Amino acid sequence: MELIFLIQIDDAGSGSLIGGTIIGMYRIETGEYFDEVIPLKYYSKANMKKKAYLRYVVKIVQRGFKKLNVRKDEPIEICRGYMFDELRKWLDEKNYIWKNTVITGPLQEKVEKSFEEYVISLGFPEAFIKYTKYPFHFHRILKWVYADYDHRRLLCKVGWKSWEKYGRLPLEIEYDYLPSKREYYCLRCGKKLKHSEKVKIIKYESNRPNQIFLHKHC
């Protein structure tokens, strides 16, 4: 008798301002894993309006099914999130057996790790992820983006309404000494700032007043 396996599908990064979104698939019994990123171009203003990123999820899953040799009789569990709205329609059309659920365990860990490695490859500081409880908080990432705006804005989901609101804020720049004796790191180059030297300070107001500290010539 042929064994029936269970396929799980989850996403990571859909709530992050930077980067695309990772879609991951996992076969529980064998540990086989597949993932792919929804490219950032699908988060442009025009593509967001058309929800093109949701249709791209279907393409990723089609490639994943081929890679993992998923059969029609294999039960599939999908994360309940909106990212899979178009996929659910496609699965029904193709007569797959599926249900919505809360994804935990190995797949959740794998897909989140994949997203972390992906954003680190974009230049996002590993320290943010390693030492911060909420590394992908919108306003924390926004601060990192404004530290090198011309380059890092290209990494953002610019079709988001929150980007429309906070993505082009007026900036004030001044040069002064660090405000306290605690350790500070330049949000552009990542190196430690010296208290004995003046630093570049970028000020702006989003949901609250913010200050970004950089080396004077960064």
Side-chain angles (χ1 to χ4, degrees), residues 11-24 35-45 47-48 53 83 108-218:
D11 70 283
S14 59
S16 168
L17 173 61
I18 60 168
T21 300
I22 295 285
I23 303 299
D35 69 35
E36 190 177 320
V37 64
I38 301 173
L40 259 176
K41 67 179 182 180
Y42 287 92
Y43 289 94
S44 67
K45 190 172 182 178
N47 279 327
M48 283 287 290
Y53 59 100
M83 286 298 300
Q108 183 186 42
E109 294 168 7
K110 285 177 179 292
V111 76
E112 288 179 355
K113 181 65 175 176
S114 292
F115 185 72
E116 289 177 5
E117 292 172 351
Y118 163 62
V119 293
I120 288 171
S121 76
L122 298 179
F124 192 66
E126 187 173 0
F128 271 44
I129 298 169
K130 194 171 183 181
Y131 301 113
T132 308
K133 186 176 181 182
Y134 302 108
F136 300 114
H137 184 279
F138 177 85
H139 288 283
R140 194 178 301 276
I141 295 177
L142 189 66
K143 195 171 183 178
W144 180 78
V145 170
Y146 274 121
D148 191 5
Y149 182 81
D150 288 343
H151 294 99
R152 294 174 182 173
R153 65 182 175 82
L154 303 177
L155 305 176
C156 295
K157 294 182 175 78
V158 296
W160 274 13
K161 290 181 179 179
S162 50
W163 177 260
E164 284 291 313
K165 184 176 181 179
Y166 296 114
R168 287 182 283 275
L169 297 173
L171 306 177
E172 294 180 25
I173 298 175
E174 61 184 52
Y175 297 87
D176 204 344
Y177 294 98
L178 293 169
S180 71
K181 291 298 181 182
R182 71 179 181 87
E183 287 188 343
Y184 291 85
Y185 291 85
C186 176
L187 265 188
R188 182 170 292 184
C189 73
K191 295 179 181 178
K192 192 174 179 180
L193 296 168
K194 295 180 180 179
H195 288 82
S196 59
E197 298 177 357
K198 281 190 174 183
V199 298
K200 183 178 183 179
I201 305 172
I202 300 174
K203 296 183 177 181
Y204 67 93
E205 189 161 340
S206 55
N207 61 332
R208 61 179 178 81
N210 290 275
Q211 293 188 105
I212 301 168
F213 301 104
L214 309 173
H215 286 107
K216 191 174 180 180
H217 299 296
C218 269

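This one's a predicted model, so the numbers in the text were calculated from it and none came from an experiment. Sequential numbering from 1 along the given sequence is applied to the chain's residues.
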(request) Please identify each residue that fulfils side-chain contact (heavy atoms from CB on, under 4.5 Å) with Ile120, with sequence neighbours left out. (result) Glu126, Ile129
(request) State which residues pass side-chain contact (heavy atoms from CB on, under 4.5 Å) with Lys113; sequence neighbours excluded, sorted by chain then number. (result) Glu116, Glu117
(request) Could you pull out all residues at least two apart from Tyr185 that satisfy side chain to side chain donor-acceptor pair (under 3.5 Å)? (result) Glu183
(message) List the residues meeting side chain to side chain donor-acceptor pair (under 3.5 Å) with Lys203, not counting sequence neighbours, and say none if there are none.
(response) Glu174
Looking only at non-hydrogen atoms, find the nearest pair between [X] and [Y] and report the distance.
{"X": "Ile22", "Y": "Ser114", "value": "CG2-CB, 4.1 Å"}
{"X": "Gly19", "Y": "Leu40", "value": "O-CD2, 3.5 Å"}
{"X": "Leu214", "Y": "Cys186", "value": "CA-SG, 3.7 Å"}
{"X": "Leu169", "Y": "Glu205", "value": "CD1-O, 3.5 Å"}
{"X": "Arg152", "Y": "Arg188", "value": "NH2-O, 3.0 Å"}
{"X": "Met48", "Y": "Tyr43", "value": "SD-CD2, 3.4 Å"}

(message) Is it the case that the side chain of Asp11 and the backbone of Met83 share a donor-acceptor pair, with hydrogens and angles ignored and the cut-off at 3.5 Å?
(response) no
(message) Tell me if the centroids of the rings in Phe115 and Phe136 come within less than 6.0 Å of each other.
(response) yes
(message) Before we go on, tell me: are the rings of Trp144 and Phe124 under 6.0 Å apart, centre to centre?
(response) yes
Would a 4.5 Å heavy-atom cut-off, applied to side chains only, mark [X] and [Y] as touching?
{"X": "Leu17", "Y": "Leu142", "answer": "yes"}
{"X": "Leu178", "Y": "Glu197", "answer": "no"}
{"X": "His139", "Y": "Tyr166", "answer": "yes"}
{"X": "Tyr177", "Y": "Lys194", "answer": "no"}
{"X": "Ile201", "Y": "Ile212", "answer": "no"}
{"X": "Trp163", "Y": "Arg153", "answer": "yes"}

(message) Test: ring pair (Phe, Tyr, Trp, His ring centres under 6.0 Å). Region: residues 195-218. Which pairs qualify, not counting sequence neighbours?
(response) Tyr146-Tyr204, Tyr184-Phe213
(request) Show the numbers, then the answer: is there a side chain to side chain contact (heavy atoms under 4.5 Å, CB included) between Ile18 and Val119? (result) CA-CA 7 Å; Ile18 60 168; Val119 293; 4.3 Å; yes
(request) For His151, look at atom NE2 and say whether over 12 heavy atoms of other residues, nucleotides or ligands are found less than 6.0 Å away. (result) no
(request) State which residues pass salt bridge (Lys or Arg N to Asp or Glu O under 4.0 Å) with Asp35; sequence neighbours excluded, sorted by chain then number. (result) none
